[in-house]
Amino acid sequence: MNIQMHAQGFPLSNEVRDHISRRLAYALNHGLDKVSRVVVRLADVNGPRGGVDKECSIEVRLKGAPAIVIEDTQAELLVAIDRATERAGRTLDRRLNRRQDHPGGPPFSPEAAAGAAA
């Protein structure tokens with residue numbers, strides 16, 4: 001799995017890089033063969049002013065399917081990373097389950113279901 005990490009407003013330490021890698025490996029474990037790339041963007045939105053401003057954005061690129069994009073903002077950077085990786089893993093699992101339920105067609109979308117019901 002190709003993981004790209006970017007930080008805006010602060011240096012990205014080796015400890016944070018390792019934490020992100022471990023959390024992603026655990027969260028995306030079920031679909032690693034379907035993931036082509038993961039881009040993690042971290043930002044300190046308010047800078048030195050503080051507050052709930054540590055943002056983690058995770059983009060999971062899938063082979064043959066639209067990307068999954070998850071964002072989370074918290075006061076602590078590691079909490080934002082943990083929450084975003086957990087949500088990315090759950091979203092990937094749901095997406096893969098939908099593809100298994102509909103193997104011949106495109107992944108299930110709520111818009112398509114609403115159009116078919118009308």
Side-chain angles (χ1 to χ4, degrees):
M1 172 173 48
N2 179 10
I3 302 174
Q4 298 174 358
M5 298 178 208
H6 308 281
Q8 180 182 354
F10 59 91
L12 190 56
S13 69
N14 287 333
E15 291 82 14
V16 172
R17 285 182 185 277
D18 292 342
H19 183 77
I20 292 169
S21 295
R22 281 193 312 273
R23 296 295 296 186
L24 285 172
Y26 179 77
L28 305 178
N29 184 17
H30 296 103
L32 283 181
D33 59 331
K34 305 289 190 236
V35 175
S36 62
R37 179 176 60 163
V38 179
V39 180
V40 179
R41 293 178 184 88
L42 305 173
D44 187 355
V45 180
N46 292 332
R49 292 181 291 180
V52 180
D53 67 341
K54 306 301 187 285
E55 184 177 85
C56 177
S57 172
I58 299 176
E59 179 181 355
V60 180
R61 294 300 205 127
L62 301 174
K63 299 172 186 171
I68 296 170
V69 179
I70 302 293
E71 294 180 352
D72 201 286
T73 304
Q74 298 292 322
E76 297 290 328
L77 180 62
L78 295 180
V79 174
I81 293 168
D82 291 348
R83 288 175 47 103
T85 54
E86 287 174 22
R87 290 177 48 213
R90 287 194 310 268
T91 303
L92 176 62
D93 287 344
R94 277 195 315 271
R95 176 85 53 92
L96 295 176
N97 286 337
R98 287 180 187 157
R99 291 179 82 179
Q100 286 178 352
D101 292 344
H102 305 283
F108 173 79
S109 70
E111 296 84 18

What pairs with R87 under salt bridge (Lys or Arg N to Asp or Glu O under 4.0 Å), at least two apart in sequence or on another chain?
D72
By salt bridge (Lys or Arg N to Asp or Glu O under 4.0 Å), R41 pairs with (sequence neighbours left out) E59
Strictly by side chain to side chain donor-acceptor pair (under 3.5 Å), give each pair with a member in residues 24-35 just once, sequence neighbours left out.
none
Going by the rule side-chain hydrogen bond (donor to acceptor under 3.5 Å, both in side chains), which residues pair with [X] if we only count those two or more places apart in sequence or in a different chain?
X	answer
H19	D82
S36	none
R94	T91
Q8	none

Check side-chain contact (heavy atoms from CB on, under 4.5 Å) between N2 and all other residues, then give those that pass, not counting sequence neighbours.
Q4, R37
For [X] versus [Y], what's the shortest heavy-atom pair and its separation?
X	Y	answer
V60	A88	CG2-CB, 4.4 Å
A80	K54	CB-O, 3.6 Å
C56	V40	SG-CG1, 4.2 Å

Could you state whether V45 and V69 fall into the same hydrophobic cluster, counting links through intermediate Ile, Leu, Val, Met, Phe, Trp or Tyr residues with side-chain heavy atoms under 4.5 angstrom apart?
no
For residues 9-17, run the donor-acceptor check on the side chains, cut-off 3.5 Å, and write out each pair with its distance to 0.1 Å, sequence neighbours left out.
| from | atom 1 | to | atom 2 | distance (Å) |
| --- | --- | --- | --- | --- |
| S13 | OG | E15 | OE1 | 3.4 |
| S13 | OG | V16 | N | 3.2 |

Mind checking the [atom1]-[atom2] spacing from [X] to [Y]? Nearest 0.5 Å is all I need.
X	Y	atom1	atom2	answer
D44	D53	CG	CG	4.5 Å
I68	L28	CD1	CG	8.0 Å
L62	R95	CG	CZ	6.0 Å

Kindly indicate, with the supporting measurements, whether the criterion side chain to side chain contact (heavy atoms under 4.5 Å, CB included) is fulfilled by M5 and L42.
CA-CA 8 Å; M5 298 178 208; L42 305 173; over 6 Å; no
May I ask you to test the V39-I58 pair for a side-chain heavy-atom distance under 4.5 Å?
no
